[in-house]
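Scope of the values below: all heavy atoms of this structure, side chains included, with no hydrogens, waters or symmetry mates.
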Amino acid sequence: FKSVLGLGSAQGGEFLAIIDRIDELTIVEPSQKLRSKQLGGLRPRYIDPSPDASLPFPDGSFDLVFCLSVLHHIPKVSAQVRELARVLSDGGHMLVLEPIVSLGDWNLPRKAGLTKRERGIPLSLLRRMLTGEGLVIEYEALCDFPITRRLPGGYDTGWSVQLDRLLSKVTAWNYRYHPTSAMQKIRPTASFFVVTKPRSIASATAP
């Protein structure tokens, strides 16, 4: 990958599995404390996010974009998706992971560790945001079944990931954005997407 972007990727741990395949890595990260000076043999470039969700890069700057559990922290979600689609190159890929549930009972105080207005993005809305910017969904999978995080090792083992995938798939029928009973909470709580930006006619026919 010639140029890779991570939105809210902090120390950039999600890139370690492919770090030797990345030429340039840029990370948009608000915290000065959550920044790595070195990732493998690569020195990432960090920039601060903009309040209006704009990104200071030309169109088509990145051939791979990571956006993992970040959009639900951002006030202007649709504007951020639009910017990510803009800076993604033709034929480039973007990985998106987001919670798709309401993240708590709004009649009660917010749980410790959650931001003031943190909320998941309804699945149908998230799909429309992605495809509305001309992106094509190549792969989609429901995930983050409620018990998986409580298993030994969490998501750090292959078997737990496969179990999560299975439980999320068989309970997909029970998905709803805001559960109102214990039974309605037995469902996947997030969705993972691999999307691509189609090549334009000009780039597809270029020698």
Can you find a pair of side-chain heavy atoms, one from [X] and one from [Y], that are under 4.5 Å apart?
| X | Y | result |
| --- | --- | --- |
| Val65 | His93 | no |
| Thr157 | Ser160 | yes |
| Leu71 | Gln80 | yes |
| Ile74 | Leu7 | yes |
| Ile100 | Tyr177 | no |
| Pro56 | Ile47 | yes |
| Leu5 | Phe66 | no |
| Leu130 | Val96 | yes |

If hydrophobic clusters are built from ILVMFWY residues whose side chains come within less than 4.5 Å, do [X] and [Y] share one?
| X | Y | answer |
| --- | --- | --- |
| Leu16 | Leu68 | yes |
| Val136 | Val195 | no |
| Leu97 | Ile18 | yes |
| Val70 | Leu125 | yes |
| Ile19 | Val4 | yes |

Sub-3.5 Å donor-acceptor pair from the side chain of [X] to the main-chain atoms of [Y], do we have one?
| X | Y | result |
| --- | --- | --- |
| Lys169 | Leu142 | no |
| Thr196 | Gly92 | yes |
| Tyr46 | Gln32 | no |
| Ser168 | Arg165 | no |
| Glu83 | Leu55 | yes |
| Glu98 | His72 | yes |
| Gln162 | Gly158 | no |
| Ser36 | Gln11 | yes |

What pair of heavy atoms forms the shortest contact from [X] to [Y], and how long is it?
| X | Y | answer |
| --- | --- | --- |
| Pro188 | Val101 | O-CG1, 4.2 Å |
| Ala53 | Lys76 | CB-O, 4.2 Å |
| Gly120 | Pro122 | O-CD, 3.8 Å |
| Ile27 | Pro44 | CD1-CB, 4.3 Å |
| Leu135 | Met94 | CD1-CE, 3.6 Å |

Over 12 non-hydrogen atoms of neighbours within 6.0 angstrom of CZ in Arg176: yes
Exceeds 12 heavy-atom contacts within 6.0 angstrom, atom CZ of Arg86: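 Correct, the count exceeds 12.
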Worked check of side-chain contact (heavy atoms from CB on, under 4.5 Å) between Leu95 and Cys67: CA-CA 6 Å; Leu95 309 184; Cys67 182; over 6 Å; no
Audit row: Leu39, Leu25, side-chain contact (heavy atoms from CB on, under 4.5 Å) steps and yes/no: CA-CA 9 Å; Leu39 284 171; Leu25 175 60; 3.7 Å; yes
As an exercise, state the distance from [atom1] of [X] to [atom2] of [Y], rounded to the nearest 0.5 Å.
| X | Y | atom1 | atom2 | value |
| --- | --- | --- | --- | --- |
| Arg21 | Phe1 | CZ | CZ | 4.5 Å |
| Leu88 | Asp59 | CG | CG | 11.0 Å |
| Leu151 | Phe145 | CG | CZ | 10.5 Å |
| Leu42 | Gln38 | CG | CD | 7.0 Å |
| Thr131 | Met129 | OG1 | CE | 11.0 Å |
| Leu167 | Ile186 | CG | CD1 | 10.5 Å |

Will you find, in the side chains of [X] and [Y], an N or O donor that is under 3.5 Å from an N or O acceptor?
| X | Y | value |
| --- | --- | --- |
| Glu14 | Ser9 | yes |
| Arg45 | Thr26 | yes |
| Asp144 | Thr189 | yes |

N-O pairing of Glu140 and Arg127 below 4.0 Å: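 Looking at Glu140 and Arg127, the cut-off is met.
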Side-chain ion pair, Asp48 and Arg35, N-O less than 4.0 Å: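 Yes.
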Tyr139/Phe193 aromatic ring centres below 6.0 Å: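 Between Tyr139 and Phe193, the centre distance exceeds or equals 6.0 Å.
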side-chain contact (heavy atoms from CB on, under 4.5 Å) evaluation trace for Trp159 with Asp164: CA-CA 9 Å; Trp159 68 266; Asp164 182 83; over 6 Å; no
